[in-house]
Every structure is written in C-alpha cells, then in structure tokens.
Amino acid sequence: MFTEKHHAEFAAIPPYSFALSVRKPAGWWWSTPTEVFENNTLWTTARLENRLYGLRLQGTGTSRKPVVACTVFSDKTLNETEKDYVSRTLERALGVKEDLRDFYSMACKDDILRKTVDDLHGMRTVAWPELFPALILAVTLQMAPMKRSNQMMNLLIENFGDHITFDGKSIAHWPSPDKIASLPVSELKEKAKLGYRALNLNCIAQALEKGFPTSEELAAMPSDDAKEQLMTLRGIGDYSAEIVMPGMRFPLDVWSAKIFSVLFHAKVPDKPRDAIAELKKLGEERWGKWRGHAFVYVLNDLQRISKRVGVDLTIF
DNA sequence: GCGTCCAGGTCTACC
DNA sequence: GGTAGACCTGGACGC
C-alpha cells in the first residue's frame, strides 16, 4: 500500500514554469510515459536507489516566488537518509535551481531564439530523475522511426515494468536495471521487439548492476568526464550520451539535423547524417555553453518557429 | 497480398 | 583516423 511518507517544497529561481518544465510541448514525459498531468499537478513515479516511489508534484507559489510542492508515496517508511536523497533528486530533476537569466540575455540577441524564449518562458531543460530510463530512451531511439521507438518503450514497460497505485492514480514505471540484466536477450528481443538493441540494453543493465555513476554523480562531474563514462556503455555513442547527459549538449540526430539545417542554412541537407558534424559545430559556435538550452527550446517550439520561418518543421 | 526499402546510431573491420 | 557495411524488425510504400 503506497501512502504519503514524505513532503518537501522547493523554491525555484524565477522565471519558472512548472507546467512547461514537466510537460514539455514536444510531448516528452518527465519520468515515465504513463504519468498524469492535471491542474498544474503531476502524478508520476521514480525508482531511486532500487525503491519505487509515487510522486505528486505541484506547481504553486507566485511568478515572483515560484514553488514546487512534492509529496512522496511509498510502501515503506523512509529514514532521514532516504528522505534527503529523494529530496535532492527531485530538486535536481525539477531544475528549480537552474538559473535561466544569462541564457535569456544571450537569447534576446539571437534571431532564432529571441521569440522562442518568450514562447516558452520559464521552461527548464532536461535533467532525468533516473539514469536507466534515459538510457532506454536513447537506445530505443536509435535507427527507428518514432512510432517504432514508442512501441519498444511501451512493450518494455508493459512486459517488464512495475505498476503502482497511489493517491487515486495508477502509474506504470520503467523496468529496473536488475530485471533487464536478469533476462535472456532472446526474451527481450521477442517481447519488446528490440532487435539488435536487446543485447545492448542487457549489457547496459548489467553494467549498471555492477556499479556505475548515478544521475546525481554524473551531474556533479565535469561534463566531458560524464560523457566519457556514458560512452563506455555498449551501444551508447556520441548522440546517446548527449541525450542522457545532465544538462544536455547538442545531441543532433538525423531528425534534429534537418531542423537545425533549415534554421542555419534555410534548406534540408541532401544527406542529413553527413551534415550532423558541421551543424553541431555551428550550434556550438553560435550558442556556446547554452547550446543545450537552445536545443531544448527550439525543439519544443517547432509549431511557432515553423510559422515564423515559413517552413513546416513538424513534418520531419 | 507481397516484396523492397529504410529508419531520431553504433560498432567493427579494414584501409 | 577515416569510412563502409552490418545490425533487428516493423511499417510505409509501390505494384
């Protein structure tokens, strides 16, 4: 029985939009695809240090003093160490301490970003609560159209994930690394339709089981070191590491390369995969340390940017 | 209904 | 160090 076991409130550095931060326009989830968002409140789940928690996160406060109220549901009592860890993880993953003001100062002078930061005022970037679900996302995005990636992710949750009910909501959560590590690769292939990715995901889960830095530890590392660590995992290359990395970089794939090519060069490249390196370089030169922010803001504002540039960027 | 092609990368062998 | 080719498989597409 999952009942209320802990409560914490976090003051966010303004501007902060809770709704845009946890429910991004591009449609990505904050923690799990089955989470529920109603009335500026998110009911979701997270597995922290091998324990699954139910979470009710609510954006409160005022625009000058934004606050996120977090209620934690569990089937066991939390000791003080566990409460601290859960609180730290929520604070980090909600991005409440992420200061957007310097990014907005830069963006106001940039033709691509100027209106986008108004459109998405107060939206935080991406800081995954847990590492393994972010790695699952990265692996299932590889060499597959979105429909097929979603199919693989949904089958993983359906067949091997966990389901909890709390606060009147029923939420399904990603499988744990130990569950995926213990499964035969053939079963992963067959039931989750992972194809060649089954072996990679199984090896990643085993590496995490043997001991690997947590999201929190990766976030505390210099970003190059965090990326290097992630790229030691089988099936995690440059793009996947940058998707998973705390704070994000500029993880261009074929899809986003087409979008940024239209924005930089006003045309879709003949061979998008071959254009990635040059576009990454341009993004880094143009936005420097804010390239991750620019990436997230642009990809979450495609409808409005499309109208402004006169090209439908949502069809790629 | 059937055959073909290819997708929101990564790894490896080969030069 | 640079690069072609293989990798699973489901869905889109042409016929």
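Quick note on labels: first sequence line is chain A, next is B, and so on, each numbered from 1. A quick note: this is a predicted structure, and the numbers were derived from the prediction, not measured.
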Integer-rounded Å distance: [N] [atom2] and [X] [atom1]:
| X | N | atom1 | atom2 | value |
| --- | --- | --- | --- | --- |
| A/L299 | B/dG8 | CG | P | 14 Å |
| A/Q151 | C/dC8 | CD | P | 17 Å |
| A/D253 | B/dA7 | CG | P | 12 Å |
| A/L141 | C/dC7 | CG | P | 23 Å |
| A/I204 | B/dC11 | CD1 | P | 9 Å |
| A/M143 | C/dT9 | CE | P | 14 Å |
| A/R197 | B/dA7 | CZ | P | 13 Å |
| A/F260 | B/dG8 | CZ | P | 16 Å |

If you look at every strand shown and take non-hydrogen atoms under 4.0 Å, does [X] touch a base, only sugar-phosphate, or nothing?
| X | result |
| --- | --- |
| A/D238 | sugar-phosphate |
| A/I236 | sugar-phosphate |
| A/G237 | sugar-phosphate |

Between A/F166 and A/F2, is the gap from one ring center to the other below 6.0 Å?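 No, they do not, as the ring centres are separated by 6.0 Å or more.
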
Run the ring-centre check on A/W255 versus A/Y239 and record whether the distance is less than 6.0 Å.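 Ring centroids of A/W255 and A/Y239 are no less than 6.0 Å from each other.
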
For the side chain of A/S240, counting heavy atoms from C-beta on, which of C/dC7, B/dG8, B/dT10 is nearest?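 Nearest to the side chain of A/S240 among the choices is B/dT10.
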
Donor-acceptor pair under 3.5 Å, A/R148 side chain vs C/dC8 base: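 For A/R148, whose side chain was compared with the base of C/dC8, there is a donor-acceptor pair (under 3.5 Å).
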
Tell me which of A/F295 and A/L233 sits closer to the 5' end of DNA chain B, going by the nucleotide each one is nearest to.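 Here A/F295 is the residue nearer the 5' end.
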
For A/S256 and A/G235, find the nucleotide of DNA chain B closest to each by heavy atoms; which residue's nucleotide sits nearer the 5' end?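 Nearest-nucleotide comparison on DNA chain B picks A/S256.
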
What distance, rounded to whole Å, do you find between the two [atom1] atoms, one in [N] and one in [M]?
| N | M | atom1 | result |
| --- | --- | --- | --- |
| B/dG8 | C/dG2 | P | 27 Å |
| B/dA13 | C/dC8 | P | 15 Å |
| B/dT10 | C/dG10 | P | 22 Å |

Specify whether A/H293 and A/W290 have parallel, tilted or perpendicular ring planes, treating 30° as the upper limit for parallel and 60° as the lower limit for perpendicular.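 It falls in the perpendicular class, over 60°.
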
Is it true that A/R308 and A/T116 share a donor-acceptor pair across their side chains at a distance under 3.5 Å?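 Present: a donor and an acceptor within the cut-off.
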
Taking Watson-Crick and G-U wobble contacts under 3.5 angstrom, with | marking pairs to another strand and [ ] crossing pairs, the secondary structure of DNA chain C is written |||||||.|||||||

Salt bridge present between [X] and [Y] (N-O < 4.0 angstrom):
| X | Y | result |
| --- | --- | --- |
| A/K280 | A/E284 | no |
| A/R47 | A/D162 | yes |
| A/E38 | A/K169 | yes |

Please state whether the phosphate of [N], meaning OP1 or OP2, lies under 4.0 angstrom from any side-chain nitrogen or oxygen of [X].
| X | N | answer |
| --- | --- | --- |
| A/Q142 | C/dC8 | no |
| A/R273 | B/dG9 | yes |
| A/S149 | B/dA7 | no |
| A/K147 | C/dA12 | yes |

Quick one, A/R92 with A/E216, criterion salt bridge (Lys or Arg N to Asp or Glu O under 4.0 Å). Give me CA distance, side-chain angles, the key distance, then yes/no. CA-CA 8 Å; A/R92 176 183 56 76; A/E216 184 181 37; 5.7 Å; no

